[in-house]
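Below are the structure tokens for one structure; questions will follow.
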Amino acid sequence: MVLHLGAQNWYTTDVKSFAWNTFNFYDSIVRWAVPSFVMISGALFLQRDIPFKKFFSKYIFRIVTAFLFWSFVYAVANYAKNKDIIKALGHFIMGHYHLWFLFMITGLYIYCTFHEKNR
């Protein structure tokens, strides 16, 4: 949360201002959290021998469901704000900017699971 709060106005604030330095400070001190979370979740999840069917029907399905739900919520909020159906559909398909993590973690899980099974 600190990373998202610190980065929220980071791009629109003058770089010479105290506010930008404050945003940058908080953004910088927690930047390590995302790669650490990826490594920890991968270490805990990927060491188990999970059948393909269970892997997709349980774990990947949950990630996709979470993405679709939150993407829909953000698309509706975007439509309510801008009244532009094309932008709202784009937000639904691509997801809100911070949902990139779900694409990345799904891809990593699929790659690592198939890679381990084919060794």
Side-chain angles (χ1 to χ4, degrees):
M1 286 178 39
V2 173
L3 181 63
H4 289 284
L5 290 172
Q8 188 173 7
N9 294 318
W10 192 69
Y11 296 105
T12 59
T13 307
D14 181 28
V15 263
K16 295 178 183 176
S17 69
F18 178 76
W20 186 88
N21 285 313
T22 304
F23 294 142
N24 194 40
F25 172 76
Y26 286 112
D27 184 81
S28 298
I29 63 171
V30 295
R31 184 58 66 174
W32 60 270
V34 173
S36 296
F37 179 76
V38 171
M39 289 185 285
I40 292 169
S41 65
L44 295 173
F45 180 77
L46 295 172
Q47 293 299 319
R48 299 181 287 165
D49 190 24
I50 304 168
F52 284 131
K53 185 175 181 178
K54 182 178 181 181
F55 176 75
F56 281 102
S57 65
K58 184 175 181 182
Y59 300 107
I60 299 300
F61 178 76
R62 287 180 182 177
I63 295 171
V64 170
T65 303
F67 173 80
L68 291 173
F69 174 79
W70 286 110
S71 187
F72 178 76
V73 168
Y74 283 113
V76 168
N78 182 272
Y79 179 75
K81 181 179 177 182
N82 298 324
K83 303 292 187 230
D84 186 349
I85 192 71
I86 302 299
K87 283 187 180 180
L89 286 172
H91 272 82
F92 178 70
I93 293 167
M94 297 302 295
H96 199 257
Y97 73 93
H98 69 272
L99 295 178
W100 69 268
F101 179 80
L102 296 175
F103 287 108
M104 187 233 359
I105 203 78
T106 302
L108 283 173
Y109 283 173
I110 291 170
Y111 173 79
C112 292
T113 299
F114 281 110
H115 188 290
E116 287 297 315
K117 298 277 187 195
N118 294 326
R119 276 185 149 184

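Not measured: the values here are computed from a predicted model. Reckoned from all heavy atoms, side chains included, excluding hydrogens, waters and symmetry mates.
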For this session: Specify the closest pair of heavy atoms between Val15 and Trp20, including all atoms of both residues, with the distance to one decimal.
Result: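 In terms of heavy atoms, the two residues are closest at CG1-CE2, 3.4 Å.
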
Problem set entry | Student check: side-chain heavy atoms of Val73 and Phe69 closer than 4.5 Å | yes

Exercise. Rounded to the nearest 0.5 Å, what separation is found between the CG atom of Leu102 and the NE2 atom of His96?
Worked result: 13.0 Å

Exercise. If you round to the nearest 0.5 Å, how far is CD1 of Ile110 from CZ of Phe55?
Worked result: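 With rounding to 0.5 Å, CZ (Phe55) is 5.5 Å from CD1 (Ile110).
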
Exercise. With hydrophobic residues grouped by side-chain heavy-atom distances under 4.5 Å, do Val64 and Phe61 end up in a single group?
Worked result: no

For this session: Could you tell me whether a side-chain N or O of Ser71 sits under 3.5 Å from a main-chain N or O of His91, the two making a donor and an acceptor?
Result: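 Side chain of Ser71 to backbone of His91, a donor-acceptor pair under 3.5 Å: yes, one is there.
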
Exercise. Which residue pairs pass the salt bridge (charged side-chain N to carboxylate O under 4.0 Å, His left out) test with at least one member in residues 28-40, sequence neighbours excluded?
Worked result: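 Sorted result for residues 28-40: Asp27-Arg31.
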
Seminar exercise, completed: Those residues at least two apart in sequence (or on a different chain) that pass side chain to side chain contact (heavy atoms under 4.5 Å, CB included) with Ile105 are Val38, Ser41, Ile63, Phe101, Tyr109

Exercise. Which distance, rounded to the nearest 0.5 Å, do you find between the CZ of Phe67 and the CH2 of Trp100?
Worked result: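 So the CZ of Phe67 and the CH2 of Trp100 are separated by 13.5 Å.
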
Exercise. Do Ile29 and Phe25 come within less than 4.5 Å of each other through their side chains, counting heavy atoms only?
Worked result: yes

For this session: Mind checking the OH-OG1 spacing from Tyr59 to Thr106? Nearest 0.5 Å is all I need.
Result: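 It is 14.0 Å, given to the nearest 0.5 Å.
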
Problem set entry | From CA spacing to verdict: side-chain contact (heavy atoms from CB on, under 4.5 Å), Phe18, Thr22 | CA-CA 6 Å; Phe18 178 76; Thr22 304; 3.4 Å; yes

List the atom pairs, with distances to 0.1 Å, where a side-chain N or O of residues 76-90 and a protein N or O form a donor-acceptor pair under 3.5 Å, not counting sequence neighbours.
from, atom 1, to, atom 2, distance (Å)
Lys83, NZ, Ala80, O, 3.4
Asp84, OD1, Ile86, N, 3.1

